[in-house]
Amino acid sequence: FELERLGVHDSVSAVFPPSELETFLADLPVSVEVVDDDGIDACDAVVTRDYHEAMLECAWVHSIQAGIDRFPLDDFEANDVALTNSTGIHDRTIGETVAGYLLAFSRRLHEHVANQQKRRWDRPEWDEAFTLPGTTACVVGTGTLGRGVAETLGALGVRVTGVRRSTDPVPGFEEIYATDDLHAAIGEADFVVVTVPLTDDTEGLFDAAAFDAMREDAYFVNVARGAVVDEPALIDALESDAIEGAALDVFETEPLPEESPLWDLEDVIVTPHCGAFTRDYFRDVGGIVRENVGRLEAGEPLHNRVV
Ligand code: NAD
């Protein structure tokens with residue numbers, strides 16, 4: 001198809017100002033404009049965070065997120081709309097966020113920040129703080145996020161193992177387990193880090209049995225999607241001290257409801273689905289969009305095409 005009008009849907013404002021991307025892409029040989037719901041109709045393609053029905057009339061939709069679990073893939077297929085995603089840009093951001101969680105737990109930084117809010121000079125018990133070298137992190141999902149986490153944690157001296165569907169080795173991972181051996185893999189780790197997409201196979205993957213399989217002194221980290229975890233089972237595991245703590249960027253319901261016990265549990269870090277935030281986000285996404293506009297012009301297949 002001939003690309004003439006590319007819209008930047010205003011839902012991207014949840015992550016960066018739409019006008020930044022509009023300016024970044026201004027040199028493309030197509031017209032680029034920020035649009036709201038009513039403006040989608042007039043575009044051949046849109047860059048967006050949220051799904052809107054009118055997008056099924058476009059020829060191409062680009063998601064600024066890696067996860068496309070909120071898009072009705074069958075409808076895209078049926079309407080012959082190409083869908084591309086932003087997988088590939090979140091390795092360093094998520095890697096550093098996860099490193100931050102682990103350093104908070106090992107150096108007790110989350111407790112110090114909480115105490116500071118209350119003007120409290122409170123030191124940890126002598127045996128609470130530790131250092132990361134010698135600990136093991138088991139990273140479930142060895143794609144962009146998983147590899148970024150492995151690289152960042154590896155640099156901190158953490159031994160990193162991985163869980164994936166095949167057992168082929170992946171650079172940065174000292175050992176790889178097959179998904180069938182998930183419980184054995186997470187059972188030996190000090191930190192379990194979830195980096196798989198939400199699919200029919202991964203929904204509820206972390207259930208009561210998985211938390212049972214974890215060590216009692218282990219921490220659970222979810223930077224993937226809330227529904228990969230059975231949240232009530234996680235809360236049970238935390239409340240019964242079956243695991244030591246958790247760092248969570250994603251939740252079954254977002255924003256995390258005010259009444260959720262996760263807000264108040266000890267050794268739980270809650271972040272508002274911003275683990276991949278960076279002031280360079282619009283440039284990183286813009287790079288993929290620019291590449292794909294070039295590919296369309298050249299009649300080549302789209303990069304990161306999902307449908
Ligand atoms: P990716 O496609 O690069 O990697 C996903 C990996 O998971 C692939 O290697 C795939 O083979 C593997 N996988 C799929 N199903 C699996 C299964 N059943 N068992 C084991 N491995 C399986 O994607 P990515 O960029 O690494 O992102 C992964 C997910 O993380 C996204 O789908 C999104 O939901 C989430 N995400 C969250 C944030 C955030 O802000 N917290 C940011 C980016 C991505």
Side-chain angles (χ1 to χ4, degrees), residues 9-18 36-37 46-53 55 61-73 83 85-87 89-90 93-98 100-101 104 110 113-114 140-141 143-146 148-149 192-207 210-211 219-239 243 245-279 281-282 284-285 306:
H9 189 245
D10 57 13
S11 60
V12 304
S13 63
V15 184
F16 54 77
D36 58 14
D37 288 351
V46 284
V47 179
T48 187
R49 175 182 175 276
D50 296 345
Y51 168 70
H52 189 284
E53 219 171 33
M55 291 172 189
V61 174
H62 179 78
S63 158
I64 67 159
Q65 296 187 304
I68 31 84
D69 41 278
R70 290 179 299 117
F71 289 81
L73 304 188
L83 176 66
N85 73 3
S86 295
T87 295
I89 62 173
H90 307 110
T93 47
I94 292 288
E96 290 193 10
T97 296
V98 171
Y101 295 146
H110 58 305
V113 172
V140 183
T144 305
L145 258 56
V149 168
V192 173
V193 186
V194 187
T195 53
V196 282
L198 173 61
T199 64
D200 290 344
D201 285 343
T202 63
E203 187 170 356
L205 184 65
F206 285 85
D207 53 8
F211 295 119
Y219 293 87
F220 178 74
V221 176
N222 187 8
V223 285
R225 281 290 181 271
V228 175
V229 174
D230 176 348
E231 209 168 272
L234 170 63
I235 292 169
D236 273 355
L238 289 162
E239 285 178 339
I243 62 173
L248 308 166
D249 192 44
V250 288
F251 304 88
E252 227 159 55
T253 306
E254 295 180 13
L256 181 64
E258 220 184 298
E259 62 275 13
S260 169
L262 290 170
W263 290 111
D264 301 313
L265 283 171
E266 216 179 305
D267 273 324
V268 171
I269 298 176
V270 168
T271 54
H273 199 155
C274 59
F277 269 40
T278 162
R279 60 187 175 201
Y281 204 104
F282 73 92
D284 296 343
V285 165
V306 187

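The model shown is predicted, which means the values in this text are computed figures rather than measured ones. For the single chain, residues carry numbers from 1 onward in sequence order.
Here the OG1-CD1 distance, from Thr87 to Ile68, works out to 8.0 Å after rounding to the nearest 0.5 Å. Atom-to-atom distance recorded for Leu265:CG and Ile235:CD1 is 7.0 Å, nearest 0.5 angstrom. A distance of 13.5 Å separates NE2 of His90 from OG1 of Thr195, quoted to the nearest 0.5 Å.
Not a single donor-acceptor pair under 3.5 Å links the side chain of Ser11 to the backbone N or O of Thr48. Side chain of Thr202 to main chain of Thr199: a donor-acceptor pair is present (N/O by atom type, distance under 3.5 Å, no hydrogens or angles).
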Dump the intermediate steps for side-chain contact (heavy atoms from CB on, under 4.5 Å) on Ile89 and Tyr281, then the final yes or no. CA-CA 9 Å; Ile89 62 173; Tyr281 204 104; 4.2 Å; yes

Just do the side-chain contact (heavy atoms from CB on, under 4.5 Å) check on Glu231 and Leu262 with the steps written out, would you? CA-CA 9 Å; Glu231 209 168 272; Leu262 290 170; 4.0 Å; yes

Determine, stepwise, if the pair Arg49 / His9 fulfils side-chain contact (heavy atoms from CB on, under 4.5 Å). CA-CA 8 Å; Arg49 175 182 175 276; His9 189 245; over 6 Å; no

Determine whether His62 and Ser86 satisfy the following criterion, side-chain contact (heavy atoms from CB on, under 4.5 Å), listing intermediate values before the conclusion. CA-CA 8 Å; His62 179 78; Ser86 295; 2.8 Å; yes

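The aromatic rings of Phe71 and Tyr51 stand perpendicular to each other, their planes meeting at an angle above 60°, with 30° marking the opposite boundary. Using bins of under 30°, 30° to 60° and over 60° for the plane-to-plane angle, the ring pair Phe211/Phe220 lands in the perpendicular bin.
Asp201 meets the salt bridge (Lys or Arg N to Asp or Glu O under 4.0 Å) test with no other residue; sequence neighbours excluded. Ala224 pairs by the side chain to side chain contact (heavy atoms under 4.5 Å, CB included) definition with Val194, Asn222, not counting sequence neighbours. Take Asp50 and apply the salt bridge (Lys or Arg N to Asp or Glu O under 4.0 Å) test, not counting sequence neighbours, and it matches Arg70. Considering only residues two or more places apart in sequence or on other chains, Asp36 meets the side-chain hydrogen bond (donor to acceptor under 3.5 Å, both in side chains) condition with none of them. Taking the ring-ring contact (aromatic ring centres under 6.0 Å, His included) definition, one finds that Tyr101 meets it with nothing, sequence neighbours left out.
Of the candidates Val229, Leu256, Thr271, Leu234, Leu248 forms a side chain to side chain contact (heavy atoms under 4.5 Å, CB included) with just one, namely Leu234.
Of all non-hydrogen atoms in Ser63 and Gly67, the two that sit nearest each other are OG-O, 4.1 Å. Shown here for Val196 and Gly141, the closest heavy-atom pair between the two residues is CG1-CA, 3.6 Å.
Note on residues 247-272: pairs passing salt bridge (Lys or Arg N to Asp or Glu O under 4.0 Å), not counting sequence neighbours, are Arg108-Asp267.
Using a 4.5 Å heavy-atom threshold, the side chains of Phe277 and Val15 count as touching.
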